[in-house]
Amino acid sequence: MALIVQKYGGTSVGSVERIQSVAQRVVKTAQAGNGLVVVVSAMGKTTDGLVKLAHEISTSPNRREMDMLLSTGEQQSIALLSMAIQELGQPAISMTGAQVGIVTEAEHTRARILSIETDRLQRHLQDGRVVVVAGFQGISSLIDLEITTLGRGGSDTSAVALAAALQADCCEIYTDVPGILTTDPRLVPDAQLMSEITSDEMLELASLGAKVLHPRAVEIARNYGVTLVVRSSWTEDPGTKVVSPIPQPRPLEGLEIAQPVDAVEFDTDQAKVALLRVPDRPGIAARLFGEIATQDLDVDLIIQSIHEGNSNDIAFTVTQNSLNRAEAVAAAIAPALRNQIDPLAGEAEVMVDRRMAKVSIVGAGMIGRPGVAAQMFSTLAEAGVNIEMISTSEVQVSCAIDQDDCDRAIAALCQAFNVTRSPAKSIGGHRWQQADQLAPPVRGAALDLKQARLAIRHVPDRPGLASRIFSLLADRNISVDMIIQSQRCRLVNGIATRDIAFTVAALDADEAQAILQAAAPELGYGEIMVDRSIAKVSIVGTGMVGRPGVAARMFEALSKEQINIQMIATSEIKVSCLVAETEGTRALQVIHAAFELSGNERIVVPA
Ligand code: ADP
Ligand code: ASP
Ligand code: MG
């Protein structure tokens with residue numbers, strides 16, 4: 001007898017008929033002799049409706065009351081599904097998060113799971129009942145019994161956490177699409193189903209806007225080695241398997257807040273090329289990286305900063321023995337950009353840095369915990385290490401630094417995060433390189449329309465300032481992405497300054513702006529600018545590591561459509577571009593096509 005956790009999303013239980021059809025699948029699985037825990041979301045758009053009601057009463061509803069309200073959606077659907085299962089002659093019982101004993105942090109509306117009591121569940125299972133558990137909710141402690149919720153989309157996380165706690169054989173996520181697709185089929189109808197995806201790739205896609213899985217659910221599956229499958233509620237097709245490496249054993253106590261960082265990695269074979277003051281119009285990045293790709297040079301980090309006036313800076317890193325050729329490409333392009341820009345803006349210029357290193361912290365436990373990146377920045381600042389470039393992903397934060405600082409940086413980080421330096425990546429080697437030569441360069445693409453861009457003008461160029469800024473945001477639990485500091489220094493009142501830009505969830509933008517504004521007098525920077533009309537398009541794939549030309553192909557696709565790239569940020573397995581909000585969907589479509597991700601079948605998503 002296998003123990004299976006099945007989760008059904010809102011659309012899958014959106015009507016009486018759909019609840020009855022879910023009940024049929026549940027009964028079939030149970031009667032095949034399996035132990036079964038079923039997690040359900042609220043029916044259809046119930047949670048959205050409740051959020052709307054709350055906002056009709058208050059512009060910023062009390063977070064405790066919000067949890068009290070939102071948790072009711074799932075309470076309806078567990079009761080109805082239990083009834084439907086019972087109607088088919090199968091014993092079943094519904095349980096709220098509190099009744100199960102899903103204990104979370106006391107952080108209302110975004111709680112993380114700390115532990116799950118399994119005794120009661122086990123007793124019901126042993127008595128032959130299907131247990132139907134409310135997703136998305138928990139309680140703050142077994143004494144306080146405060147109802148908490150896990151954040152929107154959190155039922156996936158409930159399901160995978162239950163599977164980990166029960167050591168279930170499998171966790172099946174049933175939803176309204178056939179599985180995980182190359183992109184959102186609502187935006188690109190010829191998106192294609194994947195039979196498998198690695199948990200690293202799925203973590204990135206999920207956090208870059210693919211809401212088919214909650215990123216924290218993927219994190220738990222990866223940490224505990226849960227067998228995870230995403231399938232359609234309407235068919236018997238096998239769906240998509242999310243593949244995780246065999247994990248180190250971990251305690252179940254502190255489930256979602258286990259050690260955030262597993263390793264400190266480094267790469268001392270890096271050099272930086274920066275192309276300064278390039279015009280802010282479509283096609284520049286495409287041209288630069290297109291040339292780089294024809295030279296077969298593999299680019300690692302790429303950043304493009306916000307435009308100051310009407311010009312951008314683009315910086316990228318390559319291995320040291322590629323530097324001369326990369327520099328030559330940039331130098332050949334620079335003159336062509338000269339006369340096209342406003343003469344007052346200055347001339348395009350190439351700057352190189354021969355001896356760079358990259359240090360990274362790695363671990364799936366840093367998702368949604370902005371304090372971890374902030375701690376990295378402050379650790380480096382305290383060790384007197386200046387950060388030249390930052391690249392963030394869901395499972396990694398990397399900083400490009402001076403090579404002479406590398407040993408000091410590694411020692412400080414290992415101590416701060418209580419890990420040993422990783423032997424996997426000594427000089428130049430990527431931890432992905434061996435595993436994924438067979439993978440396609442790009443596995444999937446995602447669009448995130450729920451982001452805003454913040455830019456801080458004229459931040460004094462002193463070590464430790466970036467760390468202060470991101471700690472302020474982390475203290476309020478605001479996650480940032482695409483952190484970019486301008487390559488150029490500008491003198492303001494005799495002090496060298498740089499601009500820093502980054503993206504946050506649109507919902508956090510006002511708060512982030514207010515926090516930063518309040519600290520401006522103390523930290524000495526200028527204006528804080530917020531742009532909400534942006535979209536982030538991203539490509540993800542472990543196969544892009546060590547394959548030149550992937551980023552160039554993305555930039556070229558956007559350039560052909562005359563879509564201007566406002567900001568670029570990469571990590572090892574993703575490239576993200578910020579574009580105007582109005583161009584987001586078209587950008588996703590052309591990128592999806594450029595990587596030939598389309599299938600022959602059109603995916604129709606039921607209403
Ligand atoms: P559920 O209610 O079942 O949790 P969600 O609406 O949260 O369902 O997630 C499923 C939706 O995710 C799909 O209907 C689809 O529009 C969207 N989606 C976005 N990106 C992807 C992707 N790469 N693969 C599949 N679905 C995706
Ligand atoms: N009902 C919750 C939401 O809509 C949780 C979920 O569906 O996963 O966000
Ligand atoms: Mg969902």
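We count ligands from 1, going down the list as the structure has it; atoms in each ligand are counted the same way. Note that the coordinates shown come from a computational prediction; the quantities given were computed from them, not determined experimentally.
Side chain of S58 to backbone of H55: no donor-acceptor contact under 3.5 angstrom is found. Of the possible polar contacts, none joining the D169 side chain to the I4 backbone as a donor-acceptor pair under 3.5 Å is found. Side-chain N or O atoms of Q304 include one that pairs as donor or acceptor with a backbone N or O of I565 at under 3.5 Å.
Using a 4.0 Å cutoff on heavy atoms, H214 does not count as a contact of ligand 1. Heavy atoms of T183 come nearer than 4.0 angstrom to ligand 1 in at least one pair. Residue G179 places a heavy atom under 4.0 Å from ligand 1.
Atoms of ligand 2 found under 4.0 Å from any heavy atom of G153, numbered from 1 in the order shown, are 3 (C), 5 (C), 6 (C), 8 (O), 9 (O). For ligand 2, the atoms lying closer than 4.0 Å to a non-hydrogen atom of G154 are 5 (C), 8 (O). Those atoms of ligand 1 that come under 4.0 Å of a heavy atom in A210, given as number and element, are 19 (C), 20 (N). For ligand 1, the atoms lying closer than 4.0 Å to a non-hydrogen atom of L181 are 22 (C), 23 (N), 24 (N), 25 (C). Numbered from 1 in the order shown, with element, the atoms of ligand 2 that lie under 4.0 Å from a heavy atom of R152 read 3 (C), 4 (O), 9 (O). Remark: ligand 2 atoms within the under-4.0 Å shell around heavy atoms of T47 are 1 (N), 2 (C), 3 (C), 4 (O). Residue-ligand proximity, K7 to ligand 1, at heavy-atom distances under 4.0 Å covers atoms 4 (O).
Protein heavy atom closest to atom 15 (C) of ligand 1, with residue, atom name and distance, is D184 OD1, 3.3 Å. Taking atom 2 (O) of ligand 1 as the reference point, the nearest protein heavy-atom neighbour is G10 N, 3.1 Å. Annotation: atom 7 (O) of ligand 2 to nearest protein heavy atom, S41 OG, 3.1 Å. Among protein heavy atoms, the minimum distance from atom 6 (C) of ligand 2 is reached at S155 OG, 3.3 Å. Remark: minimum distance from atom 11 (C) of ligand 1 to any protein heavy atom is reached at D176 OD1, 4.0 Å. Protein heavy atom in closest approach to atom 6 (O) of ligand 1: K211 CE, 3.1 Å.
For a threshold of 3.5 Å applied to N or O pairs, the pair formed by T182 and ligand 1 contains no separation below that value. At a 3.5 angstrom cut-off on N or O pairs, S41 does not count as close to ligand 1. Residue-to-ligand polar distances keep V177 apart from ligand 1: every N/O pair is separated by 3.5 Å or more.
Ion pair K574/D200 not flagged as a salt bridge, since none of the NZ, NE, NH1 or NH2 atoms sits closer than 4.0 Å to an Asp/Glu carboxylate oxygen. The existence of a salt bridge linking E236 and R25 is confirmed by a sub-4.0 Å separation between a basic side-chain nitrogen and an acidic carboxylate oxygen. Salt-bridge annotation for R186 and D176: present, with a side-chain N of the basic residue lying under 4.0 Å from a carboxylate O of the acidic one.
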Next on the checklist: I'd like to know whether E219 forms a salt bridge (charged side-chain N to carboxylate O under 4.0 Å, His left out) with R216, so could you lay out the CA-CA distance, the side-chain angles of the two residues, the decisive distance to 0.1 Å, and finally the verdict.
Outcome noted: CA-CA 5 Å; E219 172 190 1; R216 281 160 48 196; 5.5 Å; no
Next on the checklist: As a quick check of understanding, evaluate side-chain contact (heavy atoms from CB on, under 4.5 Å) for I139 and L145, giving each step before the final call.
Outcome noted: CA-CA 5 Å; I139 38 163; L145 300 178; 3.9 Å; yes
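At a 4.0 Å heavy-atom cut-off, ligand 1 touches R186 through the side chain alone. Here E74 has side-chain heavy atoms under 4.0 Å from ligand 2, and that is the only part of it that gets that close.
S393 and E572 share no donor-acceptor pair across their side chains, judged by distance under 3.5 Å alone. Between the side chains of H108 and R63, no donor-acceptor pair of N or O atoms lies under 3.5 Å. A donor and an acceptor atom, one from each side chain of T148 and D67, are nowhere located under 3.5 Å apart. There is no side-chain donor-acceptor pair under 3.5 Å between T182 and Q192.
For the pair I173 and L228, the minimum side-chain heavy-atom distance is below 4.5 Å.
Residue nearest to atom 8 (O) of ligand 1, selected from T175, V188, V212: T175 (by heavy-atom distance).
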